[in-house]
Amino acid sequence: MKMSKMFVQTLREFPSDAEVVSHKMLARAGFIKKLTSGVYNYMPLMWRVLKKVENIVREEMDRAGAQELLMPFVQPKELWEESGRWDAYGKELMRLKDRHDRIMCLGPTHEEIITALARDVIKSYKQMPVNLYQIQSKFRDEVRPRYGLLRGREFIMKDAYSFDTTQEGLDKEYQNMAQAYKRIFDRCGLETKMVQSDSGAIGGSVSHEFMVITDGDAGENDVFYCDCDYSANSNHAVSKLPQAEVDGAKYFSETKIMDTPNTHSIEELCKFLNIPATIILKSLVYIVDKKPVIALIRADKNVEETKLMNAVGGIDIRIASSAEIAELMAEKGFDAVPGFIGPKGMTDIPIIADETVREMKNFVVGINQTDKHLVGANLSDIPTIENYVDIRLVEAGDFCPICGKPLKVTKGIEVGNIFQLGTKYSKPMNAVYLDENGKTQPYIMGCYGIGISRTAAAAVEAHNDEHGIKWPIAIAPYHVVIVPVNIKDELQMKVAQEMYDKLQAAGVEVVLDDRDERAGVKFKDADLIGFPFRVTAGKSLSEGFVEYKIRETEEVLKLTPDEAVQDLINKIIKK
RNA sequence: CGGAAUGUAGCGCAGCUUGGUAGCGCACCGUGUUCGGGUCGCGGGGGCCGCAGGUUCAAAUCCUGUCAUUCCGACCA
C-alpha cells in the first residue's frame with residue numbers, strides 16, 4: 001500500500017469529545033470516525049485491524065469445533081416474547097416497526113434466534129453436541145455511550161451458542177471455550193484474566209468474564225484477585241473478613257430504645273454512641289422490579305446490588321428514593337426518615353440479611369422511629385430472618401475466600417464472556433429434542449461472546465505511548481512502514497521501493513510512505529498509526545544502512561536493506 | 001433517567017457580555033522555499049454560526065422552544 005493513496009486522515013490534535021486513550025488515538029490516527037453517538041465508521045486501517053481480530057477468533061473457534069453461520073440483525077418481537085425478554089431487556093433493546101406496523105428489534109444478542117433456529121433443526125440427541133457462532137454487528141441502545149469503541153451502541157461481536165444433552169456435556173464445552181478464549185486473547189497480544197462474574201440479563205448460573213487488565217480510565221469493572229488464582233468481578237466476588245468486634249455487650253448492658261437525635265448516617269451514629277460501626281446493623285431499602293426490598297448488613301460494609309438483586313430473583317435494582325421510603329413507612333404505619341429505618345414491622349416485604357449479620361450480638365438497629373434506635377439488640381429482637389445470603393461488596397484488603405491472603409483490586413475491560421445458560425431459553429421457548437428413550441428434553445445451552453471492536457480498542461488501551469498506538473503484530477493494520485525520507489532522492493526511493501517489493505512478495509503487509517512530506521510528518525504519522533516496525537531509507541544510506549525501528553521498544557538498529565528485509569520476514573512470516 | 005456544559009469550515013477554537021461586512025490555527029488547492037521528528041512565505045477554495053419561532057431597521061450575538069453532542073451520576077458487554 002502506498003501511503004499517498006491510503007484513505008486516511010490523521011489529525012494534528014485529539015478530538016475534543018474523546019475521553020479515553022483508545023478513543024483519542026483511534027480518532028486522531030484516522031482509524032474511526034463518528035457518525036452519531038456511539039456509532040462509528042471503521043476506516044480502512046480500522047477495518048484491517050477488525051478483520052485480523054475476527055480471523056483469529058474464527059480460526060480458534062473453528063479449531064475448537066464450532067461452526068460459523070450468520071443470523072439476521074433485525075428480529076421479530078414474537079421470539080422475544082417467547083423467551084420473556086421483550087419486557088425484561090429494557091430500553092437497550094432498540095425497537096422499531098416495519099411498514100406493516102409489525103414490531104421488530106435490532107439484535108443486541110441472539111439467544112432467541114439461535115434457540116428458534118435450533119428447535120427447527122435439532123430433533124435428536126444424535127445431532128448434539130453442536131456449537132454455532134457468528135460474527136456481526138450488534139446494536140444496544142446504551143443509556144450513555146462513551147469511550148469510543150469501548151462502549152459504542154453499534155459494535156462487532158462474536159457470539160457462540162452451544163447445545164448439549166447433559167450438564168456434563170455443557171461443562172466440557174464451557175472448558176473448551178475457555179481454552180479457546182485464552183488462545184484468542186494471547187494471539188491478539190492481550191493479557192487477560194478469566195474472572196467469575198454475574199450473568200446479568202442473559203441469565204444462567206455459571207459465568208466468567210475475560211478482562212484485559214488496565215490502569216487507565218477505561219477499565220470499567222473492578223476485578224478482585226489473589227496470587228492463588230482466585231479472581232472475580234466485583235458483582236460476584238466473595239471474601240473472608242478480618243476479625244471484627246461484633247458483640248456490643250461492653251457498650252450496652254440491656255436491650256432498650258435510646259434517643260439518637262440527628263444521627264442520619266452511620267458515621268453520625270457511631271460518633272453519638274461512641275461505638276464502632278461493626279456493632280450497628282444497617283438497614284437499606286432497595287427497589288427491585290418496582291417493589292421494595294430490605295437489605296440488612298453490618299454497617300461498616302456495603303451492599304453489592306447485583307448480589308442482592310439475584311438473592312430476590314429480580315432483574316432490575318436501585319436504591320429507594322427518600323420519597324419511596326416515606327411512602328413505605330406510611331404504608332406500614334411508621335413515621336421515620338432514612339437513618340432510622342429497620343426491619344421491624346416490615347411484613348410482606350422480602351428481608352435479605354447479609355452473612356455478616358449472622359454473628360452480630362448486642363447491636364444497634366433502627367426501629368422506624370425518627371431520632372431513636374434500639375441498642376443492645378439481638379437477632380431474636382428483630383423479625384425472623386429466613387435467609388442469610390452473601391450480598392456484601394468485597395473491598396481490597398479483604399481476604400481471599402480460597403487461600404486467605406489479602407485480595408487485590410484492579411480495573412479491567414471486559415472483552416469476552418462465557419455463560420452456562422442451561423435451559424433458560426430452551427424451556428420457555430419449547431426448544432426440545434428426543435433423547436435415547438424417545439423422551440422430550442430441552443437443550444442444555446451455553447453462550448460465549450467476544451467483543452471484536454472492543455477487543456481492538458482494549459488493545460490500544462494496553463499498548464500505547466505519548467506518540468500513539470503500538471499495535472501488537474498479530475492485529476496491526478500493517479506490519480511495516482517504509483519511509484524514504486526524501487522522495488526526490490533517487491537512491492532512497494530506489495532502496496525503499498526494492499524493500500517494499502521484497503517484503504510484499506514475502507507476504508509482509510507493508511506501507512510505503514511515498515508522500516512528498518517532510519521526515520517529521522512521516523515519523524509522527526508512523527508513530528501515531530502504530531506500525532510495529534518502521535524502516536527509514538535516509539541519510540545513512542550513504543554508508544549502506546537503513547534505520548530499523550521497533551515501535552514497541554523504541555529500539556533502533558542500523559542494518560543493510562537486505563538484513564532489514566530478512567529480519568522482518570523472519571519475525572513476521574516465519575515467527 | 002437525574003445534574004452540568006457545549007453546538008460557528010473536515011479538526012481544534014475565538015467572536016456573543018455591549019446586535020451592524022463571519023474570523024484564527026491546522027487540514028485542503030495553487031505556487032515558491034525547505035528537506036531526519038508535525039519547515040517558512042505568497043495566493044486561494046470552503047460556513048443557512050445546530051434547527052424553528054420571536055424581538056429589532058438590522059441577530060452568530062438578545063428572548064422562547066426544540067434537536068444534537070459531551071461530561072458527572074445511575075445503568076451496562
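All values below were derived from every heavy atom in this structure, side-chain atoms included, with hydrogens, water molecules and symmetry-related copies excluded. Below, read A as the first sequence line, B as the second, and so on, with proteins coming before strands; counting in each chain starts at 1.
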Using Watson-Crick or G-U wobble geometry with both distances below 3.5 Å, tell me the partner of [N], or none.
| N | answer |
| --- | --- |
| C1(B) | G73(B) |
| G47(B) | none |
| G25(B) | C11(B) |
| U6(B) | A68(B) |
| G41(B) | U31(B) |

Less than 3.5 Å between a donor and an acceptor, one on the side chain of Arg144(A) and one on the base of G2(B), is that the case here? no
>> Taking donor-acceptor contacts at under 3.5 Å, does the side chain of Asp527(A) reach the base of G37(B)?
In response: yes
inquiry  = I'd like to know if Asp354(A) pairs up with Lys301(A) as an ion pair, taking the criterion as any Lys NZ or Arg NE/NH1/NH2 lying under 4.0 Å from an Asp or Glu carboxylate oxygen.
reply    = no
Practice item. Before accepting this row, confirm whether a basic side-chain N of the pair Arg392(A)/Glu395(A) lies closer than 4.0 Å to the acidic partner's carboxylate O. Key: no
Whole-Å distance, Arg28(A) CZ to G10(B) P, equals 20 Å
Picking from G37(B), U39(B), C71(B), the nucleotide nearest the side-chain atoms of Arg518(A) would be U39(B)
- request: Mark yes or no: Lys24(A) above the aromatic ring of Phe14(A), with NZ or CZ under 6.0 Å from the six-membered ring centre and no more than 45 degrees from the axis.
  value: yes
Applying salt bridge (Lys or Arg N to Asp or Glu O under 4.0 Å) to Glu305(A) and not counting sequence neighbours gives none
Next item on the list: Mind checking Leu149(A) for me? I need base, sugar-phosphate or nothing, with any heavy atom below 4.0 Å counting as a touch.
Entry: nothing
